[in-house]
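I have placed the structure first, in the form of structure tokens, so that the comments after it can refer back to it.
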Amino acid sequence: MIRISDLSVSIHGRAVLHDVDLELAPGQVTGLVGESGSGKSMTALAIMGLLPRGAALSGQIELDGHNLTDLPEVEYCAIRGQRIGMIFQEPMSALNPLMTIGDQVAEALILRQDMPREKALEAARDRLDRVGLAAPRFPLTLYPHELSGGQRQRVAIAIAIAQRPDLLIADEPTTALDVTTQARILDLLVGLVRDEGMALLLITHDLAVVAGVADQVAVMQEGRIVEAAPARTLFQRQSHPYTRQLFAASRHQPPQVDHQATAPLLQVQDAVREYTLPRPAPLQPHPVLRAVDGVSLTIAEGESVGLIGESGCGKSTLTRAVLGLEPLQQGRVLLDGAEVRAGRAMPAEMRARMQVVFQDPFGSFDPRWRVERLVAEPFHLTGRPRNWRERVAEALAEVGIDPHAMRRYIHEFSGGQRQRIAIARALIIRPRLIVLDEAVSALDVRVRAQVLDLLARLRKDHGLAYLFISHDLSVVRQITDRVLIMDKGKVVESGLTSVVMATPRHPTTRRLIEATPQIPADWLPDQITDSSSPLGIGPATS
Amino acid sequence: MRWSLILGATLAGLALIAAALSWVWTPYDVTQMAIADKLKPPSAAHWLGTDHFGRDILSMIMVGARTSIAVAVVAVGIGMGIGVPLGLIAAANRGSWLDEIIMRGNDLVFAFPSLVIAILITAALGPSAVNAIIAIGIFNIPVFARVTRAGAMPLWTLDYIRAAEVAGKRATRISVEHILPNIANLLIVQGTIQFSLGILAEAGLSYVGLGAQPPTPSWGRMLAEAQTMVTLAPHVAIIPGLAIIITVLGLNLLGDGLRDALDPRLREGR
Amino acid sequence: MLRYALRQLISLGLSLLVASLLIFLVVELVPGDPATFMLGTGAQPDTIAALRQQLGLDLPLPVRYLHWLGGILQGDLGHSFTYKTPISQIMLDRMQVSLPLALMSLMLAILVAFPIGIHAAANRGKASDTAVMGVTQIGISLPNFWFAMLLVLVFAARLRWFPAGGFPGWSHPAAALKSLLLPAIALALPQAAILARVLRSALIETLDQDYIRTARAKGLTQGQALRRHALRNAMIPVLTIMGMQFSFLLAGAIIIENVFFLPGIGRLIFQAITQRDLIVVQSAVLVLVAAVILITFLVDLAYALVDPRLRRR
């Protein structure tokens with residue numbers, strides 16, 4: 001139905017897509033997989049005819065044999081929505097905040113199909129029912145801010161399928177969502193393909209996501225499709241080296257670090273943190289949100305502990321309390337037996353025993369400071385030694401960054417390199433505990449594998465303890481000894497990581513594990529990948 | 001949009017040079033009256049003509065530039081010097097009573113009709129350039145406080161601020177080391193805008209007789225004096241206005257150009 | 001919605017209270033004794049003292065403040081020394097000039113700014129955008145009293161289409177409108193330039209939002225996406241500016257009123273200051289500040305009408 005051939009796109013003269021060929025058939029799910037910047041989204045925008053300014057395109061995009069690339073803009077508007085629909089990654093900003101969801105779904109029907117408003121709203125009702133936002137609970141008069149992220153993504157889907165297009169493009173539709181929501185949205189998309197005979201182009205960076213749903217998979221690297229095959233075939237046998245690297249990295253297991261039970265380093269005892277919310281009506285009492293509700297946990301010297309939960313479960317609040325950035329209402333946090341207090345009350349010498357690595361490789365560094373000053377910032381706690389530049393160089397070398405990069409600014413580094421620099425910053429004052437707050441979540445799969453290896457090595461070399469906070473079970477499985485599952489402010493299950501993962505007891509844990517996309521076991525290739533390190537990085541420790 | 005930076009810098013530079021030059025040299029003495037030569041149109045002897053006392057308009061424009069620029073610069077300095085720290089404090093204590101008081105105070109100052117209050121202040125303290133500076137400067141404070149706070153607020157949610165807190169740094173230190181350098185471009189741009197508004201305000205105040213007092217020449221008073229003879233000798237009224245427009249336009253273009261040049265989103269193609 | 005309005009209303013009242021105190025104190029700083037001013041410097045000291053007592057000027061400062069405030073709460077703005085009439089009456093007369101002038105200017109500014117701002121945003125980066133924005137730069141740089149002078153020079157002195165100044169009163173509506181038109185244009189042009197620029201940048205910001213992409217993906221044309229989605233979302237900053245402009249036009253027309261000899265509020269205050277009629281200054285400024293605060297309040301309510309997210313707060 002849609003046949004893309006020799007599609008090349010350049011933006012302001014810089015080539016971003018090279019000779020892309022792709023065929024999308026009705027009733028078929030095509031997974032388009034690649035790392036960030038590989039050109040997946042650009043391919044989608046090219047099909048939609050919504051390329052950014054300054055883009056030049058060559059090649060063909062044929063819809064039922066008619067080439068779209070030379071279509072005038074007016075006629076393209078009739079293709080968009082009616083023949084091809086699209087949903088985007090960020091559900092929180094994809095909807096107009098000032099318009100009701102009913103109007104947003106009905107709008108294109110009224111404008112493009114000249115449907116009377118009543119009829120269009122009826123159709124919108126039907127579409128919203130179809131995406132799981134059924135009538136009494138979700139009236140058409142709701143505004144986007146009254147819905148959760150998953151619900152908003154459902155509205156976005158309803159908008160995209162309102163005119164029953166033949167092709168639906170979904171660009172990372174679940175990346176911004178929790179795993180359980182992700183599973184439900186993917187189910188919905190696959191159901192729509194089966195029921196309505198649509199073609200679905202599912203764009204994602206996550207191999208496991210396509211494994212569950214795609215009929216065929218195309219892998220993109222640097223603007224090229226390097227490999228395309230039926231899903232099962234591709235998962236069992238990869239012919240292109242890049243695809244092999246991707247698969248190896250997604251299954252990569254960092255070296256295990258043996259850990260013997262020792263003295264407790266960090267203890268959280270019955271921690272409670274509440275927030276008062278605005279009054280629902282005048283003169284009524286403020287409702288109270290218990291973000292952290294009686295949490296206790298212990299991390300021993302040199303131990304790696306995972307803390308898992310979906311957004312809003314309280315793990316971020318707990319993290320801030322552990323770091324002494326936020327006070328607790330009840331309970332306490334002990335580091336080496338001394339109490340952690342928020343703000344000025346906490347002595348520098350104590351803060352120095354604990355450092356942190358954040359998720360966002362872009363927001364973690366002051367863009368106006370040089371790397372040497374950034375990495376040296378924690379010396380504020382200990383006093384800056386005379387040889388601080390040597391110490392910075394040492395720390396950078398340790399995480400695999402050329403010490404000559406000290407004089408550079410952070411924008412000159414890639415996401416993976418930034419995360420390494422963040423680790424160097426945490427290491428510089430030789431803390432005993434590092435809090436890793438979603439520290440690898442924003443990284444591409446190959447880079448993630450490298451950073452996980454690095455973390456395992458550092459832990460072994462320095463006897464570091466980790467508190468690893470994540471929403472992603474598969475990452476936590478790879479790097480922690482013990483794991484705690486949080487839900488609605490409480491720890492609902494804890495134990496050895498391997499045990500919890502194999503035999504989850506609490507329903508929340510089970511729900512999380514079931515929802516996590518996995519490559520089916522019988523799809524795995526016959527032999528585990530070749531022994532040479534596919535990641536192309538430094539010394540493999542095992 | 002580089003042209004706006006260049007054109008803006010050229011025009012504003014012109015006013016600056018005229019002002020600087022007036023300290024050492026003007027074509028004629030601005031206090032020298034020559035009634036015989038009054039209201040002469042532009043000529044080789046008087047490039048921009050003469051006014052109703054026969055004074056050389058070019059010389060008066062040059063010295064007037066000095067007054068305008070001095071008043072505006074000091075007024076911006078007052079606004080920045082007080083407004084920026086207030087904005088930083090409000091942002092560092094966002095959501096607290098301190099933030100609330102500072103921002104409410106800002107709103108309140110905004111609610112006063114600035115020109116009326118400026119007139120009131122100059123009436124209370126007596127008309128002079130210094131009091132014009134104070135009157136204009138006071139209304140610059142909430143502008144800078146607001147811009148500073150608005151620029152600082154999103155920064156406070158970023159992880160590098162968390163990292164600095166984990167490194168044991170206090171809010172004051174973080175404000176100075178991390179926040180201020182990262183909002184400097186906002187402040188520079190706002191500074192040029194307030195600078196140009198200051199020149200307009202000074203002209204307005206001296207036009208109604210509340211700015212710099214005679215014999216100090218000022219653009220606004222030149223306009224006021226020209227008003228009655230605007231039909232007789234339009235150049236006497238038009239030229240000081242053009243001087244104001246050129247300076248203010250230059251500063252506005254400069255601000256625009258700086259905004260583009262300093263915006264990280266527009267730099268390095270990111 | 002009600003809660004939101006209530007909260008705004010309370011802060012409105014507090015602001016007014018603080019404002020009244022500030023105004024009172026600043027006016028107290030103005031040198032010159034009203035009684036001396038009224039009677040002339042040659043008057044006998046005991047006559048002056050008697051007048052001071054009659055005017056209540058001999059009372060301590062806090063008492064006088066409370067008297068003034070109490071009077072205002074009962075709708076009594078006080079009596080003018082020079083006009084010998086209640087200030088509320090004078091204010092009402094002057095408002096008949098200032099309010100229509102401000103409204104006319106704002107309407108003119110909106111009429112000019114909206115088409116320009118929308119056109120520029122829709123064609124951003126193109127030659128017409130650059131040209132239009134260049135013109136607005138000049139508009140912003142224009143001192144309005146100078147522009148007013150040029151208008152008078154051309155349209156009143158040379159062409160004689162409009163009067164050069166004065167106000168005939170509303171008993172002659174056509175003549176009254178005619179005499180307000182030139183001042184309104186002089187006031188409106190720089191404001192239109194500001195408004196057009198704010199509208200353009202607000203629109204460009206919203207045009208970059210994800211929901212515009214969603215709208216385009218469902219088949220809306222560029223123009224439909226702009227009109228139906230971007231424009232309303234861009235209204236919040238535009239409303240803010242429009243509120244500020246109206247306040248400015250109401251009170252800030254002092255200089256323009258001087259150029260055109262219009263009996264407006266600004267000129268009233270200006271003359272009252274020079275004549276040391278301090279009670280007029282005090283009350284008139286307070287009325288203006290109250291008007292500005294009220295406009296801000298109305299703008300805040302307008303936000304809530306535009307944005308459903310504010311309604312439940």
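In the text below, chain A, chain B and the rest are named by the order of the sequence lines, each starting its count at 1.
- Under a 4.0 Å N-O distance rule, the pair Arg227(C)/Glu107(A) does not qualify as a salt bridge.
- Looking at Ile87(A), neither its backbone nor its side chain comes within 4.5 Å of chain C, counting heavy atoms on both sides.
- Considering only heavy-atom pairs separated by less than 4.5 Å from chain A, the leading option among Gln224(C), Lys218(C), Arg232(C) is Lys218(C).
- Here the CE-CG distance, from Met99(A) to Asn233(C), works out to 10.0 Å after rounding to the nearest 0.5 Å.
- For Met244(C), the CE atom counts as loosely surrounded, since its 6.0 Å shell holds 12 or fewer non-hydrogen atoms of other residues, nucleotides or ligands.
- Arg53(A) CZ to Arg124(C) CZ: the interatomic distance, rounded to the nearest 0.5 Å, is 5.0 Å.
- Taking CZ from Arg309(C) and CG from Leu98(A), the interatomic distance works out to 6.0 Å, rounded to the nearest 0.5 Å.
- Looking at Gln82(A), there are no atoms closer than 4.5 Å to chain C (heavy atoms on both sides), in backbone or side chain.
- The greatest number of non-hydrogen atom pairs below 4.5 Å with chain A, out of Asp307(C), Thr214(C), Thr206(C), is found for Thr214(C).
- Contact of Gln222(C) with chain A is not made at all, since no heavy-atom distance falls under 4.5 Å.
- Closest non-hydrogen pair, Pro308(C) versus Pro97(A), comes out as CG-O, 3.4 Å.
- Interatomic distance, CG of Leu220(C) versus CZ of Arg80(A), reported as 10.0 Å (0.5 Å rounding).
- Residues Met48(A) and Arg216(C) have side chains not in contact (no heavy-atom distance under 4.5 Å, counting atoms from C-beta outward).
- A distance of 6.5 Å separates CZ of Arg213(C) from CG of Leu45(A), quoted to the nearest 0.5 Å.
- With hydrogens and angles ignored, the 3.5 Å screen pairs no side-chain donor or acceptor of Gln209(C) with any backbone N or O of Ser93(A).
- At a 4.5 Å heavy-atom cutoff, the contact between Ala94(A) and chain C is made by backbone and side-chain atoms alike.
- The most heavy-atom pairs under 4.5 Å with chain C, out of Leu95(A), Leu111(A), Ile169(A), come from Leu111(A).
- Glu73(A) touches chain C through its side chain: at least one heavy atom from C-beta onward sits under 4.5 Å away, while N, CA, C and O do not.
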